[in-house]
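Beneath this line is the structure, given in structure tokens, with notes to follow.
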2 protein chains.
Amino acid sequence: MSGQNPEQLCDTLDDSSHRSARQRERDALIIAAATAEFAAAGFENARLEDIAQRAGVAKGTLYLYYADKAALFKAAVRSLIQPALARLQERVMLADGSAVDLLRESLRQIYREMTTDGARRELVRLLIADGRRFPDLGDFYHDEVIAKGTATFRMILWRGIATGEFRHTPAEEFPHLLLAPCIALSNWKLMFGDRHPLDVERYVEAHLQFVLGAIAASPTVAAIDSLPATSPAPTPGSAV
Amino acid sequence: MSGQNPEQLCDTLDDSSHRSARQRERDALIIAAATAEFAAAGFENARLEDIAQRAGVAKGTLYLYYADKAALFKAAVRSLIQPALARLQERVMLADGSAVDLLRESLRQIYREMTTDGARRELVRLLIADGRRFPDLGDFYHDEVIAKGTATFRMILWRGIATGEFRHTPAEEFPHLLLAPCIALSNWKLMFGDRHPLDVERYVEAHLQFVLGAIAASPTVAAIDSLPATSPAPTPGSAV
DNA sequence: AGACAAAATGACTTGACAGTCATTTTTAAC
DNA sequence: GTTAAAAATGACTGTCAAGTCATTTTGTCT
């Protein structure tokens with residue numbers, strides 16, 4: 001009860017400073033293998049034997065690098081979270097075009113990242129499925145991705161308000177509202193895979209047009225570069 | 001490979017028609033206990049012994065009602081999905097007020113259901129976490145909740161367009177856009193629990209105002225009954 | 001090359017839990 | 001009240017995977 005839990009303080013066993021090149025190389029292999037297996041099977045169903053085999057290493061070797069399965073899981077998930085937002089933030093910082101274009105491109109980039117890397121796409125599943133067991137991973141994700149992403153989109157909004165492109169909306173307080181359709185699509189994919197296809201191209205454009213309609217200062221701004229043919233009365237059920 | 005998988009065809013062992021009152025009663029107890037345990041621990045970590053104990057029944061008894069753990073899981077999840085949308089659909093069918101009010105109340109009701117029942121709130125977690133292992137559950141959820149919900153909100157939109165309250169927007173094709181902030185909040189709760197609090201009251205009202213701003217025919221419609229004090233330039237970081 | 005240390009291995013131990021089934025208890029029928 | 005069938009029980013078995021550690025392999029220094 002009193003005192004500290006040493007497992008919490010030290011996930012990796014060695015201080016990573018004094019390590020041979022071979023060791024750092026193997027660590028990378030192990031993390032890559034663990035990432036793949038955990039993403040494919042989740043925490044419970046992933047087998048350390050499989051991870052070891054995929055990394056080209058014996059099971060016992062894993063324990064030279066990580067204290068136990070949980071430590072390996074945390075390290076693997078952290079490695080997925082780490083580099084998530086770098087490019088987006090950079091782009092927004094040194095953007096010079098219109099805020100409308102900036103917002104469009106930022107959202108499109110998020111969709112792009114969502115649909116490319118397989119393991120990255122499974123990150124959210126891991127955080128939801130096993131998040132209660134590893135709350136510090138959720139906190140890390142919050143600080144590294146959510147908080148920074150929220151701040152970034154708020155900056156885009158302010159820029160657009162300054163240039164007269166956007167009006168004041170509740171999205172200033174909750175930029176989540178701009179990003180929610182991305183999250184909804186992510187959930188759709190996680191729940192249904194490809195069993196209930198959705199026209200992602202159209203969905204993305206619909207999202208952009210909808211959001212711009214909600215925040216644009218004048219209706220005309222939102223209309224530029226919208227869907228080639230946005231049927232005013234679509235066939236019912238076409239989106240399901 | 002050829003032939004059929006009998007386990008898939010028959011989840012419950014008995015045809016539920018010829019059953020004593022005592023048996024139906026016990027079945028209900030078992031499902032309730034299973035629901036609670038699965039919601040609390042997920043499929044892998046839930047222990048049949050605990051479910052049995054919670055239901056006041058021996059472990060072996062479970063196997064008189066369900067073929068195995070997977071069958072019990074499916075039955076439990078289905079029982080959560082089943083009654084989800086009844087009230088919402090009913091209300092929309094016999095609504096007579098303005099479409100704006102109808103949309104507002106419908107969304108508020110979804111938030112209300114999200115925040116009341118504990119097991120129901122965990123449903124999405126189960127579907128995401130263990131969905132790949134039980135795709136038929138995901139399909140069932142899609143047909144019973146998503147498809148019907150989508151259709152219902154599309155009806156609300158059309159009603160509003162007919163009365164001149166709403167304009168044509170991409171939300172007609174993808175009503176998901178209206179609901180996405182609900183899903184985003186759900187994910188927030190699933191990932192962070194109460195570790196990163198969000199002012200849900202304000203969030204809900206922000207959502208309503210934002211969405212109405214996106215679809216209202218004239219700006220004035222959206223403004224009615226909005227937040228008491230929607231600060232145009234909120235303190236940065238106030239929403240995290 | 002030899003000798004010592006560090007790293008890696010994988011057969012083994014351990015614990016946990018899904019599923020079984022011989023036995024006991026309950027219900028219903030006469 | 002007796003008896004037969006149905007329902008319920010929980011000790012037991014088999015399996016599977018996390019974690020250990022005595023042994024082997026690899027690397028380094030003289």
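Residue numbering restarts at 1 for every chain, and letters A, B, ... go by the order of the sequence lines.
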Which nucleotide in D:dA8, D:dA18, C:dT9 has an atom nearest any side-chain atom of A:Y63: D:dA18
Nearest heavy-atom approach of A:T115 to A:R121 is O-NH1, 3.6 Å
Rounding to a whole Å, what distance do you find between B:Q23:CD and C:dT27:P? 12 Å
At under 4.0 Å between heavy atoms, what does B:A52 touch on the DNA or RNA strands: base, sugar-phosphate, or nothing? nothing
To the side chain of A:L48, which of C:dA18, D:dT9, D:dA18 is closest? D:dA18
With heavy atoms under 4.0 Å as the rule, sort A:K69 into base, sugar-phosphate or nothing. sugar-phosphate
Would you kindly give the CG-to-P distance between B:D68 and C:dG19, to the nearest whole Å? 5 Å
Is a salt bridge present between A:K189 and A:D194, judged by a nitrogen-to-oxygen distance below 4.0 Å? yes
Between atom CD in B:E49 and atom P in C:dA16, what is the gap in whole Å? 12 Å
May I have the distance from A:E44 (atom CD) to D:dC16 (atom P), rounded to whole angstrom? 17 Å
Using whole Å, report how far CD of B:E25 lies from P of D:dA8. 11 Å
Side chain of A:R47: nearest nucleotide among D:dA17, D:dG10, D:dA8? D:dA17
May I have the distance from A:F73 (atom CZ) to D:dA18 (atom P), rounded to whole angstrom? 13 Å
Could you check B:R22 against B:K59 and say which one's nearest nucleotide on DNA chain C is further toward the 5' end? B:K59
Counting N and O atoms only, with roles assigned by atom type, does the side chain of A:R195 sit under 3.5 Å from a partner on the main chain of B:P135, one being a donor and the other an acceptor? yes
Under 4.0 Å: is that the gap between some side-chain N or O of B:R26 and OP1 or OP2 of D:dA7? no
Using a cut-off of less than 4.0 Å, is there contact between a side-chain N or O of A:Y65 and OP1 or OP2 of C:dA7? no
Euclidean distance, atom CG of residue B:L64 to atom C1' of D:dA6 [Å, nearest integer]: 10 Å
Taking CG from B:L62 and P from D:dA8, how many angstroms apart are they, rounded to a whole number? 11 Å
Between B:F43 and B:F134, ring centroids under 6.0 Å: yes
Are B:I30 and B:Y66 close enough that some pair of their side-chain heavy atoms sits under 4.5 Å apart? yes
